Amino acid sequence: MTEFEDRVTDVIRSLQPGEVVTYGEVAEEAGYPGAARAVGNVLGKSEGLPWWRVVGSGGYLKTEKRHRQAELLEAEGITVAGGRVVAG
DNA sequence: CCCCTGACTAGAA
DNA sequence: TTTCTAGCCAGGG
């Protein structure tokens, strides 16, 4: 477990139900601005994390599990349409 | 160290 | 709107 993974996992685990952030925001909060890609890698490697609360730029669901992600997000009161999170 | 890949992002054509 | 390029960080060969 690297410090990077430690930071990223900590940030993601601190997310509350209904809270959605982007890979870039997670990377920035973790102290690694620009490491959005590495954030995605950590999400895929780590387990037991609310990965569905992390989306792409603009709220777009980029993952292969976007269908599952949409269901999980809607289960938390978040609306997903057109493959992206609807803000409002 | 160098090269390629990946759940990324912003800018330009 | 779609396609391509440049930048960022981490991991494996």
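Just so it is clear, the structure is predicted and the values come from calculations on it, not from any experiment. Sequence lines set the chain letters: A, B, ... in the order given, protein chains first and strands last, and positions in each chain run from 1. We use all heavy atoms of the structure for the numbers below, so side chains are in, but hydrogens, waters and symmetry mates are not.
- Distance CE (A:M1) to P (C:dG11): 11 Å, rounded to an integer number of Å.
- Nearest-nucleotide assignment on DNA chain C puts the 5′-proximal partner with A:G34, out of A:G34 and A:K45.
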Donor-acceptor pairs under 3.5 Å, side chain of residues 73-85 of chain A to any protein atom, not counting sequence neighbours: which ones?
residue : atom : partner : partner atom : Å
A:E76   : OE1  : A:G18   : N            : 3.0
A:E76   : OE1  : A:R53   : NH1          : 3.2
A:E76   : OE2  : A:W52   : NE1          : 3.1
A:E76   : OE2  : A:R53   : NH1          : 3.0

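- Taking atom CD of residue A:E3 and atom P of nucleotide C:dC9, one finds them 14 Å apart after rounding to whole Å.
- Residue contacts shown for A:A38 include a base, since a base heavy atom lies under 4.0 Å away.
- More than 12 heavy atoms of other residues, nucleotides or ligands shown are found within 6.0 angstrom of CZ on A:R66.
- Looking at A:V8 and A:Y32, their side chains never come closer than 4.5 Å, going by heavy atoms from C-beta outward.
- Note on A:Y32: only backbone sugar-phosphate atoms sit closer than 4.0 angstrom, heavy atoms only; bases stay farther off.
- Distance, A:R7 CZ to C:dA10 P: 13 Å, rounded to whole Å.
- Nearest heavy-atom pair across A:A36 and A:A27 is N-CB, 3.8 Å.
- In this structure, CZ of A:R37 is placed 11 Å from C1' of C:dA6, rounded to the nearest angstrom.
- Take the nearest nucleotide of DNA chain C for A:P33 and for A:E5: the residue whose nucleotide is more 5' is A:P33.
- Spacing of C1' atoms, B:dG6 relative to C:dC8, comes out at 13 Å, to the nearest Å.
- Within 6.0 Å of the CD atom in A:E25, the count of heavy atoms belonging to other residues, nucleotides or ligands exceeds 12.
- Rounded to the nearest Å, the gap between the C1' atom of C:dG13 and that of B:dC1 is 13 Å.
- Nucleotides of DNA chain B nearest to A:N41 and A:G24 differ in position, and the one nearer the 5' end is that of A:N41.
- Bracketed by its first and final contacts, the part of DNA chain B lying under 4.0 Å from non-hydrogen atoms of chain A reaches from B:dG6 to B:dA10 in 5' to 3' order.
- When side chains are defined from C-beta on, A:V39 does not count as touching A:V42, because their heavy atoms never get closer than 4.5 Å.
- Within the nucleic acid shown, A:G56 comes within 4.0 Å of sugar-phosphate atoms alone, with no base atom in reach, counting heavy atoms only.
- Looking only at side-chain heavy atoms (C-beta outward), A:V55 and A:Y60 stay at 4.5 Å or farther from each other.
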